[in-house]
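Convention: sequence-line order gives letters A, B, ...; per-chain numbering from 1. All values reported here derive from a predicted model rather than from experimental measurement.
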Amino acid sequence: MHPLNTKMMQYNHQEIEKKWQKFWAENQTFKASNSSHLPKYYVLDMFPYPSGAGLHVGHPLGYIASDIYARYKRHKGFNVLHPQGYDSFGLPAEQYAIQTGQHPSKTTEENIKTYRRQLDKIGFSFDWDREVQTSNPEYYKWTQWIFIQLFNSWYNKNTDKAEDISTLITIFENEGNVNVNAVCDTETPEFSCEDWKQFSEKEQQQILLKYRLSYLSDTEVNWCPVLGTVLANDEIVNGVSERGGYPVIRKKMTQWSMRISAYAQRLLDGLSTIDWPQPLKDSQANWIGRSQGAMVEFKIQNSEFKIQVFTTRPDTIFGVSFMTLAPEHQLVLQITTPEQKVAVEAYIESTAKRSERDRMADIKTISGVFTGAFAEHPFTKKPIPIWIGDYVLAGYGTGAVMAVPCGDQRDYDFAKHFGIEIPNIFENEDISEAAHADKEGTVIANSDFLSGLSYKKALQKAIEALEEKGYGYGKINYRLRDAVFSRQRYWGEPFPVYYKDGMPQMIDKNHLPIVLPEVEKYLPTEDGKPPLGNAEVWAWDTKKSSVVSNLLIDNETIFPLELNTMPGWAGSSWYFNRYMDAKNANEFASKEALNYWKEVDLYIGGSEHATGHLLYARFWQKFLFDKGFVPVDEFAKKLINQGMILGESAFVFKATTFVKNGCDIDKSNDHVIEKIPTVFVSRNLFTSDNEFETVVKEYLLDKKLLNPNFVDLVLITKTPLHSDVSLVNSSNELDIEGFKNWRTEFKDSIFITEEDGTFKASREVEKMSKSKYNVVNPDEICEEYGADALRLFEMFLGPLEQTKPWKTSGISGVYSFLKKLWKLFYKEDLLLISDENPTSEEFKTLHKIIKKATEDIENFSFNTSVASFMIAVNELTALQCNKRLILEPLLILISPYAPHIAEELWRQLGHQNSISTAEFPIFEEKYLIESTKNYPISFNGKMRFTLELSLDLSLSEIEKAVLNHEKTMAQLQGKLPKKVIIVPGKIVNIVE
RNA sequence: GCUGAAGUGGUGGAAUUGGUAGACACGCUGGACUUAAAAUCCAGUGAGCAGUAAUGUUCGUGCGGGUUCAAGUCCCGCCUUCAGUACCA
């Protein structure tokens, strides 16, 4: 043994962590290179929106997990890309600007500084050279560029990919649009090549907009009047805005949209190629909502009109006994007979008045009106009454259904309610109580050429017949709608678009970025234009190719610019590609960088982005892939959703006193209450509300604060109040003085304490939030216990994906683990390390932990690997092991989790390089080979005792040894066992 | 309603292919050290019953069944909680 360092040393996390954070920054330890002979690995976190509140301990959970994995992969010899940045456009900074006039960029910059300071304290191995900020013009230049690419593309269903708009124009010029198989607006007129050539330029542009992947159209949008902006469907929760909870109404507006519907099938198919959590895939599949069926055309009797219907059950076409249209359906007013007109109009008016919320709230009420019109059944030619009803939604399918009451419960209920015929077209099925919606095992009856067929066969045959007779065709329908891409906000990416003769024109990519203009006010203008309408310098000079004053607009060479900005998801839909080459000024990323890094190997973030960010990002990636800009069409191979960390709120119980209602107390007796001070009662002094009241009254009587004559006139109830969690310790004791100083209105309150003089608060687990005073700041944890302890503890809380409560008191466990680890190296403040060969027991402990740590990290089971580190350190402490050959590999195993202490001890052992460059230890089976097994001996499956036996024994030798054992004989009491089960190396079970 | 996830000590959780349920921690109890506290260390800690004790024994993974030598784990039927989604034809 020799002391390497005689300096007095105790585990001092503050000193160590500062030292190594500085070292990593100065030495650029985690800088990733774009050219390396090593295999690549790309670990990504969902970048944060830098909010003013800063980070709480719930935020870094995913970052810690990804950082551990990134560090592990470096040890395993990978060239690891582990970047971080900020999704820095967003509503809060804008709302702050509206309130205070402070420019959102300033707020954002300040918040980013706070975030960075907090993140730096936790010791992440980010490559900050690649930082991106979506609100930075150098970044959004490329967001604008992608928008232009989308504008200049159409979706060719024949090649099943996006193509340049010029190929479409060529087709139009040569043969018109009759043979074009494209994803486009439903009401696109047919035209020939001659027609095309005769269209004016504006007419041609209007046609092309119906094909472009980003397009301008009049769409019904979700308008939020309070926020003054349009919201996407996923920004609305329960009918109100996700941010702020303001009401949302439907409104028609001219808006930019993204033709994501073109990618519906590929977005669905792609799910099977990526390793994402099944619930998340399910919710994307649900959102895309593919359903296979047929379009059927119904002629309306005595009229030119036809009704298109989408159905997933064309096999039940002979069961149709009525049709239902959405009240908003275009044809309703045109087909309604004069006798029904009044009733129909009244119904339409009443449904229009009902909000979405109302309609959702009462789905039980059946309502509808007969239009008086009849359609004709395509096969039987029988008349079918046409109704309207609000259970049919205008926004899905064609807004019309063919009702088959025997096979669909809603149709069934509607038919029952209005006394419409319910023909049964299923063999041996009872429909007297409810519809028969099962498909499997069902045989169709009373259906002409479909009778006797199973569901599957009937489906196929029905579609064939429809197509043959021209009554319809097989069709796949998707729930996924095109995404509205305009926002009436200031703090977002401006569009690279100006308007000439009312038609949008793209600004050439050489002139990007188009930078957000300065405005006086961040609110919409008085005449209802978006905030950019306040800008005075917001016009495009096509001659000078620059943004100029609005006063110069002449609509000849100088034109007005787009006033909307892009939505929050624009910048986050491609940022993972930018990290690959974050500083490139000429391309969004170089071909070399894209081909080297390809895609994200591991992506960690919250599941709340399932149908927003994660769907849009997949869409853009597929588009960029089609256009040859990126090498893969899915941007993230594996995704993990980290769970939420909940806060542990603390409550104190305040007594609220008032005079009982309705009793004949003289007004002058108000002093009865006035004299009574505010009282708080310790948690363990009562178990019920009655007891609470008694405790308070007894106390007040005892202290002469309540006149005994008034006792029965006074009512006392308990009110729980949130206390700041930092004022309550792990034994739930409240710091009374601290509480009084925190809530000065209670500084003269009385606290009824337990017998031992303590005041107990009660606890409840809730979401971490400022308003619940249960936010735990990671800075404070780093200060007191250190980043290594924070990292270990966040992992130790439980499985990564799971929601779990935070309890600061638990951190002492991992903190003392770190101190124990330190003590393996230091004895009496001296570093004592032996170079002797370890014993077989020491090797066994080491290789057990190598095996476990490797398996756990590969399975993202970080909580169990922390537990096994504790076991290893406990064992080595018991063995008094200080052998270099054991402790060095142990440090490497622990270093992804607790990098600062590992670096420090690694340096103390004499290494000059960062431990992050050390090779991960390799597990060797030979150290774990056992010669004996402590067999559990069970009787009828119940373990009674254990018996140490050699693993070399044969089955019969084991049986003999077990049966001859005195405890076995005692258990059997002379009886012969019925059966003896021996699983070698595992268990012995004796059946009595 | 539908889809998904989950129910294990006082608490967070462990048990990777059916094989000793409760690892590892927190908390609690007792002890050592200390004038004291903190820190540290040691011991105990699922519940019940019997025993001075060592120990023995019964019950125990949301509930009810089943398969198996053996079930937290597999099957059937329920209950509860959480999350997402919603009249999708």
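- Separating the CD1 atom of I894(A) from the P atom of rC24(B) is a distance of 16 Å, rounded to the nearest angstrom.
- For the residue pair Y897(A)/D788(A), the side-chain donor-acceptor check at 3.5 Å is not satisfied.
- Between the side chains of Y455(A) and T316(A), no donor-acceptor pair is found at a separation under 3.5 Å.
- Comparing rC74(B) with rC2(B), their C1' atoms sit 26 Å apart, to the nearest whole Å.
- An OP1 or OP2 oxygen of rG84(B) is reached within less than 4.0 angstrom by no side-chain nitrogen or oxygen of N286(A).
- In the set rA39(B), rC69(B), rU16(B), the nucleotide with an atom closest to the side chain of K819(A) is rA39(B).
- There is a side-chain donor-acceptor pair under 3.5 Å between S367(A) and Y347(A).
- Under the Watson-Crick and G-U wobble criteria, each requiring two contacts below 3.5 Å, nucleotide rG77(B) is paired to rC63(B).
- Between G810(A) and K967(A), the residue anchored closer to the 5' end of RNA chain B is G810(A), taking for each the nucleotide with the nearest heavy atom.
- Here D282(A) lies in heavy-atom contact (under 4.0 Å) with sugar-phosphate atoms only.
- Judged by distance alone, the side chains of N859(A) and E855(A) never bring a donor and an acceptor atom under 3.5 Å apart.
- Contacts of N863(A) with the nucleic acid, taken as non-hydrogen atoms under 4.0 Å apart, involve only primed sugar atoms and P, OP1 or OP2.
- Within the nucleic acid shown, P936(A) comes within 4.0 Å of at least one base atom, counting heavy atoms only.
- Regarding N874(A), its CG atom lies at a distance of 14 Å from the C1' atom of rC42(B), rounded to whole Å.
- In this model, the phosphate group of rC88(B) is approached by a side-chain N or O of R410(A) to a distance below 4.0 Å at OP1 or OP2.
- R313(A) has no side-chain polar atom (N or O) that falls below the 4.0 Å cut-off from OP1 or OP2 of rC88(B).
- Remark: K820(A) is not in phosphate contact with rA39(B), judged by side-chain N or O atoms under 4.0 Å from OP1 or OP2.
- Comparing rU29(B) with rG84(B), their P atoms are spaced 40 Å from each other, to the whole Å.
- Of the two residues contacting RNA chain B, namely N859(A) and Q278(A), the nearest-nucleotide position lying further toward the 5' end is that of Q278(A).
- Summarising the base pairing, rC49(B) is matched to rG56(B) through a Watson-Crick or G-U wobble pair whose two defining distances lie under 3.5 Å.
- Picking from rU20(B), rU85(B), rG19(B) the nucleotide with the shortest atom distance to the side chain of K933(A) gives rU20(B).
- If you take NZ of K281(A) and C1' of rG84(B), they are 17 Å apart, rounded to a whole angstrom.
- Candidate nucleotides rG84(B), rG12(B), rU16(B) were compared by shortest atom distance to the side chain of F796(A), and rG12(B) ranks first.
- Looking at T398(A) and Q308(A), their side chains never bring a donor and an acceptor atom within 3.5 Å of each other.
- Across the strands present, rG18(B) finds no partner; the criterion is a Watson-Crick or G-U wobble pair with both atom distances under 3.5 angstrom.
- Using a 4.0 Å heavy-atom cutoff across all strands shown, S861(A) reaches no nucleic acid atom at all.
- Taking atom P in both rC26(B) and rA36(B), one finds a spacing of 25 Å when rounded to whole Å.
- Of the nucleotides present, rC42(B) is the one that pairs with rG30(B) by Watson-Crick or G-U wobble criteria, both distances under 3.5 Å.
- An anti base is found at rG31(B): its glycosidic angle is more than 90° from 0.
- Side-chain atoms of S607(A) and N641(A) include no donor-acceptor pair closer than 3.5 Å.
- For rU35(B), there is no paired base (Watson-Crick or G-U wobble, both distances below 3.5 Å).
- Atom CZ of F793(A) and atom C1' of rG13(B) are 11 Å apart (whole Å).
- Remark: rG9(B) base-pairs with no nucleotide in the shown strands. Criterion, Watson-Crick or G-U wobble with two distances under 3.5 Å.
- Pair assignment for rC82(B): rG4(B), on the basis of Watson-Crick or G-U wobble contacts that are both within less than 3.5 Å.
- Residue T864(A) places its side chain closer to rA14(B) than to any other of rU16(B), rA14(B), rG19(B).
- V983(A) comes within 4.0 angstrom of a nucleotide base, judged by non-hydrogen atoms across all strands.
- Nucleic acid contact for R944(A): sugar-phosphate only, since backbone atoms but no base atoms lie under 4.0 Å from a heavy atom of the residue.
- Proximity of K979(A) to the phosphate of rC69(B): a side-chain N or O atom is located under 4.0 Å from OP1 or OP2.
- Side-chain nitrogen and oxygen atoms of K978(A) include none within less than 4.0 Å of the OP1 or OP2 phosphate oxygen of rC69(B).
- Rounding to whole angstrom units, CD of residue Q802(A) and C1' of rU81(B) are separated by 13 Å.
- With a 3.5 Å ceiling on both atom-pair distances, rC88(B) lacks any Watson-Crick or G-U wobble partner.
- Residues K819(A) and Y815(A) bring no donor and acceptor atom of their side chains to less than 3.5 Å of each other.
- Only the P atoms considered, rG7(B) is 9 Å distant from rA14(B), to the nearest whole Å.
- Side-chain contact between T312(A) and F310(A) is present, with at least one heavy-atom pair separated by less than 4.5 Å.
- Distance, I990(A) CD1 to rA70(B) P: 14 Å, rounded to whole Å.
- Here, rG10(B) and rG44(B) have their C1' atoms 16 Å apart, quoted to the whole Å.
- Closest approach to the S816(A) side chain among rG19(B), rU85(B), rC26(B) is made by rC26(B) (side chain taken as heavy atoms from C-beta onward).
- Rounding to whole angstrom units, NE2 of residue H609(A) and C1' of rU85(B) are separated by 18 Å.
- Closest approach to the K804(A) side chain among rG13(B), rA89(B), rG84(B) is made by rG13(B) (side chain taken as heavy atoms from C-beta onward).
- Under the 3.5 Å distance criterion, with hydrogens and angles disregarded, a donor-acceptor pair is assigned to the side chains of S938(A) and N989(A).
- One C1' atom belongs to rA6(B), the other to rC63(B), and the distance between them is 16 Å to the nearest Å.
- Between Y396(A) atom OH and rA86(B) atom P there is a gap of 14 Å when expressed in whole angstrom units.
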